[in-house]
Amino acid sequence: MDDSELGFAGVARQAELVRAGKVTARQLTEAALARAERLDPRLGAFRTLRSARALAEADACDAGRVEPGFEGLPLLGVPVAVKDELDLAGEITTFGGAANTTPVDRDCEAVRRLRAAGAIVIGKTTMPEFGQWPFTESAAHGYTRNPWDTSRTTGGSSGGSAAVVAAGVVGAALGGDGGGSIRIPAACCGVFGLKPQRGRVPTAPHPHLWYALGTLGPLTRTVRDSALLYDVLSGPAVGDRWTARPAPTGFLRAASTEPGRLRIGWSAKPAVRGVRPHPEHVGALRETVRALRELGHDVREIDPHYPDTTAAFLPQFYAGVRAEARTVDHPELLERRTRQVVRASALVPEAAVAWAVRHGERLAVRANRVFDGPDLLLTPVLADRPRRIGALDGLGMTGAMLRSLPMIAYTGLWNVTGNPAASVPAGFGRDGLPLAVQLVGREHDEATVLQVAAQLEAVRPWADRIPELARAPH
């Protein structure tokens, strides 16, 4: 395999190759770093590459394969990337800005689990400051560009992670999702992104990520790779504020199991008032309905009767940004929009945040009535097509919030409720950019989401579609 073939092989296949002795961890890591150095000047998806450290860790991995049990590591020698809100020992956690300058001493729990499973972290990916916006743009680190069209956004906030997976630099990259921040960039970049059940992946050393809204998870090219990563990442940790109910079976096993005939409700109705979905997104939704019916499922249009979650979402958003802003070394270097958000958060005392969390729990009961009949809900991921680069240029807090609404119109609700929800590739639009649909599961039921996503992947594969930029010769 050449560097491009290795890059697009995916994490499960890469680990198999290392275990079989057909490729070394160093070869995989060198290939990933070479692609990053070639492609990232056009993408702007890495905040930093840790080339020397990654190669040293790859060498240690290759040397350590003689130890008992080492061959069984699920991510043996596999290069990955992590979003820059996750602590990686020896690196600065910038949260997408310039206000932090001190490297952290130790890995966060999610990164520790990746590395304990044999993965090699090659770098940290870009994000908007504190992950506030569904566009990966920041004053400190510039624009992150979509591999399918570099004049367009990757979405956000895990846009750097989505871009490096879509471009075949790595097979998986960790992101975070507080309002759609895994699903939105997955949809923009044509990769698979599952937001897990709240509490499935620990946020330690932090007790929460934007209170009840946020969770961590990977972006990958395939459903199988996502399931493999969740088997590695899932499980409680000391200090977690929320913990998901244990999964009845492994995620990789679930993704490899046929679900039987399911009842699936579908709706193009946004959960945010005043937003109209793009016709091509509705078309992709209807095409997916046909595909699911051909797979034998009972698929019917429904009215989800979405509750208005604004009063639950906004206080947790404001207080979450405020909490993260309090940790930085140089608050005077925060972006203007972020300073506006922090000032606005003064109107949200901790008692109001506690109320918002409780209110979200009440709204979750109402929203989950959609599953009284259907096993899954199918919707668009986005209302709008990926915007041109510069979506946040010149905008303050209010303007950025308004511009964000079409991007979060189908995703933010499920952060309030905590349900698992995935962005599943669904072809391409006339603009050449990916289309996607969202599968939402019952509480704690990632397994069914993965099963149906795997069925869709089998009948209309997407992982073999490669951006022209990523095909470019050396």
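Side chains included, hydrogens not; waters and symmetry mates left out as well; all remaining heavy atoms used.
- Here the CZ-CG distance, from Arg47 to Leu49, works out to 10.0 Å after rounding to the nearest 0.5 Å.
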Could you give me the CA-CA distance, side-chain angles and deciding distance for Val328 and Phe130, then say whether side chain to side chain contact (heavy atoms under 4.5 Å, CB included) is met?
CA-CA 11 Å; Val328 302; Phe130 298 125; 3.8 Å; yes
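- Residues Asp393 and Tyr143 have side chains that bring a donor and an acceptor to within less than 3.5 angstrom of each other.
- Interatomic distance, CZ of Arg145 versus CZ of Arg388, reported as 11.0 Å (0.5 Å rounding).
- Summarising the geometry, atom OG1 belonging to Thr398 is positioned 11.5 Å from atom CZ belonging to Arg337; distances are rounded to the nearest 0.5 Å.
- A donor-acceptor contact shorter than 3.5 Å is absent between the side chain of Arg322 and the backbone of Val342.
- For the atom pair CZ of Arg465 and CZ of Arg221, the computed distance is 11.0 Å after rounding to the nearest 0.5 Å.
- Formation of a donor-acceptor pair under 3.5 Å by the Gln316 side chain with backbone atoms of Ala212 is found in this model.
- Looking at Gln438 and Thr379, their side chains do bring a donor and an acceptor atom within 3.5 Å of each other.
- Without hydrogens or angle criteria, Ser181 side chain to Ser157 main chain gives a donor-acceptor distance under 3.5 Å.
- Shortest non-hydrogen contact noted between Leu229 and Leu114 is CD1-CD2, 3.3 Å.
- The main-chain N or O of Gly418 is found under 3.5 Å from a side-chain atom of Gln197 such that the two form a donor-acceptor pair.
- Using a 4.5 Å heavy-atom cutoff, the side chains of Phe317 and Met401 are in contact.
- In plain terms, the two heavy atoms of Ala187 and Ala436 that are nearest each other are CB-CB, 3.6 Å.
- Side-chain contact between Thr93 and Leu88 is absent, with no heavy atoms from C-beta onward closer than 4.5 Å.
- Leu174 and Ala110 make their closest contact through CD1-CB, 4.1 Å (heavy atoms, listed as atom of the first residue, atom of the second, distance).
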Stepwise side chain to side chain contact (heavy atoms under 4.5 Å, CB included) test for Asp87 and Val111:
CA-CA 7 Å; Asp87 288 347; Val111 171; over 6 Å; no
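- Ile182 has its side chain out of reach of Ser423: every pair of non-hydrogen atoms, C-beta onward, lies at least 4.5 Å apart.
- Looking at Phe46 and Thr126, their side chains never come closer than 4.5 Å, going by heavy atoms from C-beta outward.
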Before you tell me yes or no, could you show the steps for Phe428 and Glu280 under side chain to side chain contact (heavy atoms under 4.5 Å, CB included), namely the whole-Å CA-CA distance, both residues' side-chain angles and the distance that decides it to 0.1 Å?
CA-CA 9 Å; Phe428 289 81; Glu280 287 192 277; over 6 Å; no
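- Under the 3.5 Å distance criterion, the side-chain polar atoms of Thr136 are matched with a main-chain donor or acceptor of Gly159.
- Ion pairing between Arg339 and Glu335 fails under the 4.0 Å rule for side-chain N and carboxylate O.
- Remark: side-chain polar atoms of Glu457 are not paired, donor with acceptor, to backbone N or O of Thr222 under 3.5 angstrom.
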List the steps, then state whether side chain to side chain contact (heavy atoms under 4.5 Å, CB included) holds for Leu55 with Leu33.
CA-CA 9 Å; Leu55 289 171; Leu33 290 168; 3.9 Å; yes
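- Classification of Lys124 and Glu91 as a salt-bridged pair fails, no side-chain N sitting under 4.0 Å from a carboxylate O.
- Using cut-offs of 30° and 60° for the angle between ring planes, the Phe192 and Trp462 rings count as parallel.
- Here Glu287 does not pair with Arg460 in a salt bridge; the nearest charged N to carboxylate O distance is not below 4.0 Å.
- Judged by distance alone, the side chains of Thr94 and Asp84 do bring a donor and an acceptor atom under 3.5 Å apart.
- Judged by distance alone, the side chain of Asn100 and the main-chain N or O of Asp329 form a donor-acceptor pair under 3.5 Å.
- Ionic pairing of Asp177 and Arg183 is present here: one or more N-O contacts between side-chain nitrogen and carboxylate oxygen are shorter than 4.0 angstrom.
- Leu39 and Ala167 make their closest contact through CD1-O, 3.8 Å (heavy atoms, listed as atom of the first residue, atom of the second, distance).
- At a threshold of 4.5 Å between non-hydrogen side-chain atoms, the residues Phe135 and Arg387 count as touching.
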Show the numbers, then the answer: is there a salt bridge (charged side-chain N to carboxylate O under 4.0 Å, His left out) between Arg113 and Glu109?
CA-CA 6 Å; Arg113 292 182 182 188; Glu109 179 61 16; 2.7 Å; yes
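- At least one donor-acceptor pair closer than 3.5 Å links the side chain of His281 to the backbone N or O of Leu382.
- Counting only heavy atoms from C-beta outward, the side chains of Gln14 and Pro79 approach each other to under 4.5 Å.
- Between atom CG of residue Leu402 and atom CE of residue Met397 there is a gap of 9.5 Å, rounded to the nearest 0.5 Å.
- Side-chain contact of Gln132 with Thr338: a donor-acceptor pair under 3.5 Å is present, judged by distance alone.
- Atom CG of Leu378 is separated from atom CD of Glu301 by 11.0 Å, given to the nearest 0.5 angstrom.
- Not one N or O on the side chain of Arg241 forms a donor-acceptor pair closer than 3.5 Å with the backbone of Tyr211.
- Closest approach of Ala400 and Leu392 over heavy atoms only: CB-CD2, 3.9 Å.
- Looking at Arg224, its side chain never comes within 3.5 Å of a backbone N or O of Ala255 through a donor-acceptor pair.
- Contact between Thr29 and Ala58 at its shortest, heavy atoms only, is OG1-CB, 3.5 Å.
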